[in-house]
Amino acid sequence: PQKSRVTVVGSGNWGSVAAKLIASNTLNFNSFHDEVRMWVFEETLPSGEKLSEVINRTNENVKYLPGIKLGKNVVADPDLEHAVRDANMLVFVTPHQFMEGICKRLVGKIRKDAQAISLIKGMEVKREGPCMISTLISEILGINCCVLCGANIANEIAVEKFSEATVGYRENKEIAEKWVRLFNTPYFMVSAVQDVEGVELCGTLKNVVALAAGFVDGLDMGNNTKAAIMRIGLREMKAFSKLLFPSVKDNTFFESCGVADLITTCLGGRNRKCADAFARNGGKRSFDELEAEMLQGQKLQGVSTAKEVYEVLSHRGLLQLFPLFSTVHEICSGRLAPSAIVEYTEHSARLP
Ligand code: NAD
Ligand code: 13P
């Protein structure tokens, strides 16, 4: 059988770690070509050099994952069409807001037998309703798309600390197993569940809860309040997921993509960190400003996801059933003070 060729579309913090993980496995398994292409959204560094050239020279993504060697078989490619041309396994891992544009550029440019997986946490809201990123990829490109989410703070996996992840697939278990083989390593333990929407919604929605956790950290509310936020947030994650897709399985929330990702993101994620600073500044500095200052080019997903969730709920007249999700958006958009998270959460705790 023909060897599979892998391209990673995206080269941010998680994208670079994903390329490193994959590149260690393509060397180990004969079923994959050694080389892993990684599409780089090109930028010029302060030194005047192009990021993709520096990655290829140093084998390091000096901007988004400094200090970590990616593996010599990772090749950075700033030309999107060229990067995907020969690949039959496409790994999508960019901030979610850029995916629609990227997919449109790829129409007619990928192999007919290509398969995709999305590592992206986020969704789009269109006039017709919400659209998960894996669905966007499937529909625009006409290809199958699995998802991979989990308790995966990229910088920890970069230094090979143990973690788990969950692949979500639709019906073809063999395809899911191929993705598991591509990602699984002794320090990155991947399992598969037949619940694409459940896995993807867990990864997407926990970013909204992480903002709430950051607000209570910024207000110095302590661990019990934060645990309450996580519990109520998990409950809203489950209710919202089932509202969009009644097929979502309860067990998915107990996988790495569910409660484990919720916990790690509320403890150590970027959404938490920026929301903490937002609350400490009394909401006077915008998230855009804090993101630019604190993340140096990395992107927050929670603020736009909170808005997208709010749009869905308001369209369906269900805002009052999701006080935590609604309040997070109202705080992010400046309509409520950060302290509202506690008042509304108290109300929420009393909901049946
Ligand atoms: P990141 O936050 O580091 O984002 C920056 C990336 O976006 C860079 O590669 C940058 O070049 C690119 N970019 C900027 N403007 C762009 C544009 N106009 N078009 C295309 N690309 C552009 O990225 P990341 O951490 O790799 O996150 C990607 C996805 O993975 C997100 O959905 C995130 O939620 C998810 N994720 C991240 C982590 C993590 O710990 N970083 C863990 C799990 C999942
Ligand atoms: P942040 O984007 O908040 O850093 O979350 C990272 C993540 O998804 C960990 O699994």
Side-chain angles (χ1 to χ4, degrees), residues 8-21 38-45 50-52 55 61-66 68 76 78 80 83 91-106 117-124 132-134 136-137 147-159 161 163-166 183 188 199-200 202-214 217 255-276 287 291-292 294-306:
V8 178
V9 176
S11 51
N13 188 232
W14 182 218
S16 302
V17 176
K20 173 184 184 281
L21 271 173
M38 179 174 80
W39 173 63
V40 173
F41 177 76
E42 191 66 290
E43 58 189 287
T44 306
L45 299 173
K50 298 276 187 234
L51 177 60
S52 64
I55 295 175
N61 188 338
V62 291
K63 173 148 182 194
Y64 296 100
L65 191 66
I68 303 291
L80 181 62
V91 177
F92 289 99
V93 53
T94 70
H96 76 279
Q97 58 271 36
F98 305 129
M99 270 314 294
E100 186 166 10
I102 290 172
C103 285
K104 286 184 174 159
R105 285 175 60 193
L106 290 178
I117 193 163
S118 168
L119 276 51
I120 298 163
K121 296 174 176 175
M123 64 184 190
E124 289 280 323
M132 302 312 296
I133 299 297
S134 67
L136 192 85
I137 295 169
V147 298
L148 181 147
C149 289
N152 299 147
I153 303 241
N155 291 335
E156 298 177 16
I157 301 167
V159 291
K161 292 180 176 169
S163 73
E164 301 178 305
T166 317
F183 281 94
F188 192 68
V199 173
E200 195 168 4
C202 278
T204 299
L205 296 171
K206 61 85 193 172
N207 283 335
V208 181
V209 187
L211 291 173
D217 280 349
E255 298 290 340
S256 178
C257 63
V259 68
D261 194 12
L262 175 70
I263 293 171
T264 202
T265 310
C266 288
L267 297 180
R270 301 167 295 186
N271 285 287
R272 188 223 67 82
K273 183 172 157 185
C274 292
D276 180 324
F287 270 102
E291 178 187 70
M294 299 175 77
L295 301 183
Q296 280 114 32
Q298 294 184 34
K299 301 281 180 206
L300 285 180
Q301 305 288 274
V303 178
S304 52
T305 303

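Counting starts at 1 for both ligands and their atoms, in listed order. Just so it is clear, the structure is predicted and the values come from calculations on it, not from any experiment.
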For this session: Give the numbers and elements of all ligand 1 atoms closer than 4.0 Å to a heavy atom of E43.
Result: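 The list of qualifying atoms is 11 (O).
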When you measure from the heavy atoms of [X] to every atom of ligand 1, does any distance fall below 4.0 Å?
X: G297; answer: yes
X: R270; answer: yes
X: G10; answer: no

Problem set entry | Any N or O of N13 closer than 3.5 Å to N or O of ligand 1 |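 N13 vs ligand 1: N/O contact under 3.5 Å present.
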Problem set entry | Heteroatom distance test (I153, ligand 1): nitrogen or oxygen, under 3.5 angstrom |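 N/O-N/O distance below 3.5 Å does not exist for this pair.
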For ligand 2, note which part of [X] has a heavy atom under 4.0 Å away: side chain, backbone, both or neither.
X: R272; answer: neither
X: Q301; answer: neither
X: D261; answer: side chain

For this session: Could you list the atoms of ligand 2 found under 4.0 angstrom from a heavy atom of G269?
Result: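 This gives 3 (O), 4 (O) as the contact atoms.
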Problem set entry | Atoms of ligand 2, numbered as shown, that sit under 4.0 Å from any heavy atom of G150 |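 Those atoms are 10 (O).
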Exercise. Would you say K121 and ligand 2 have an N/O pair spaced under 3.5 Å apart?
Worked result: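 Between K121 and ligand 2 (N or O atoms, distance only) the closest approach is under 3.5 Å.
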For this session: Closest by any non-hydrogen atom to atom 13 (N) of ligand 1: pick that one out of W14, F92, F98, W39.
Result: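 The nearest heavy atom belongs to F98.
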